[in-house]
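Whatever order the structure lists ligands and atoms in, that order sets their numbers, starting from 1. All figures in this text were calculated on a predicted structure; none of them were measured in a lab.
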Amino acid sequence: MIQATELLYMDDSYKLQDSAIYIDIIQTEGGKTALILDQTIFYPQGGGQPYDLGTITQEGNVFSVEEVRFKDGNVYHIGKFTQGVIEKGAQVTLHVDGERRKFNRRNHTAGHLIDVAIKNLGLSLTPAKGYHFPDGAYVEYIGLMDEAQKEELKSKIEAEVNRLIQLKLPMTAKQVTYDELKDLCDFVPDYLAHDKPIRVEKIGEYKAHPCGGTHVNNTEEVGGMKIEKIKSKSGNTRISYSII
Ligand SMILES: [Zn+2]
């Protein structure tokens with residue numbers, strides 16, 4: 001039917017405007033309208049990170065992007081024409097909402113910094129899940145935290161994350177093969193998406209980890225982080241956090 005969308009946000013988390021070719025228009029199962037492009041800077045929801053918002057324009061015509069999803073190799077830019085219409089085959093301009101992207105970039109990266117802090121503190125917790133939404137972000141691990149030490153560890157993790165932020169560590173990402181991934185990373189989660197290019201991300205000189213989300217280029221941009229709550233029960237530890 002259509003070619004797979006090239007995922008430009010994988011190469012540059014900061015690009016908020018770019019061009020693309022409008023290939024097709026699809027009605028989703030839920031009755032929504034989705035535009036398919038040859039390439040995109042819009043982040044489709046996934047890996048615990050929310051989708052981008054923005055607009056797709058061509059001259060005076062505007063398609064408002066209200067939701068972005070990834071399906072069968074393609075990015076679905078879901079929304080509606082709010083001004084005029086755009087003909088298939090046209091070159092369009094993509095505009096990503098910069099404030100929302102910036103927050104997601106920072107909030108998502110903060111979750112990774114908790115992983116590094118956990119490792120630096122020598123805690124035996126295995127990453128299991130991340131939820132990097134504005135309403136109650138958390139990272140979840142397999143393994144328990146001693147109840148008596150919870151409060152102390154909460155302060156220690158928070159201090160370590162803020163230290164990593166203040167160290168202004170560079171962050172780099174690159175696409176790799178599945179075999180390279182196993183060499184580069186301590187831990188390869190089984191929830192890794194197999195229908196997208198595999199990318200690893202590296203914070204400073206710490207061991208890389210697989211991730212397809214958008215990140216800051218330097219940990220300094222995260223600003224600051226507060227651990228809200230730690231819940232450790234039924235074999236899992238959930239660390240809730242917010243960026244400040
Ligand atoms: Zn990430």
(request) To 10°, measure the NE2(His112)-the Zn ion (ligand 1)-NE2(His215) angle for me. (result) 110°
(request) Keeping to residues at least two apart or across chains, list the ring-ring contact (aromatic ring centres under 6.0 Å, His included) pairs with something in residues 101-125. (result) His108-His112, His108-His132, His108-His215, His112-His209, His112-His215
(request) Report the C-alpha separation of Leu153 and Met145 in whole Å, then their side-chain angles, then the decisive distance to 0.1 Å, and conclude whether the side-chain contact (heavy atoms from CB on, under 4.5 Å) test is met. (result) CA-CA 9 Å; Leu153 287 173; Met145 206 176 256; 3.4 Å; yes
Show every donor-acceptor pair shorter than 3.5 Å between a side-chain atom in residues 82-89 and any protein atom, with sequence neighbours excluded, or say none if there are none.
unit_1: Gln83; atom_1: NE2; unit_2: Gly60; atom_2: O; d: 3.0
unit_1: Lys88; atom_1: NZ; unit_2: Asp24; atom_2: OD1; d: 3.2

(request) Find, among atoms of His108 that are N, O or S, the one nearest to the Zn ion (ligand 1), and state its name. (result) NE2
(request) Please find out if the Zn ion (ligand 1) and some N, O or S atom of His209 are separated by less than 2.8 Å. (result) no
(message) Does either side chain, that of Tyr131 or that of Asp135, offer a donor lying less than 3.5 Å from an acceptor on the other one?
(response) yes
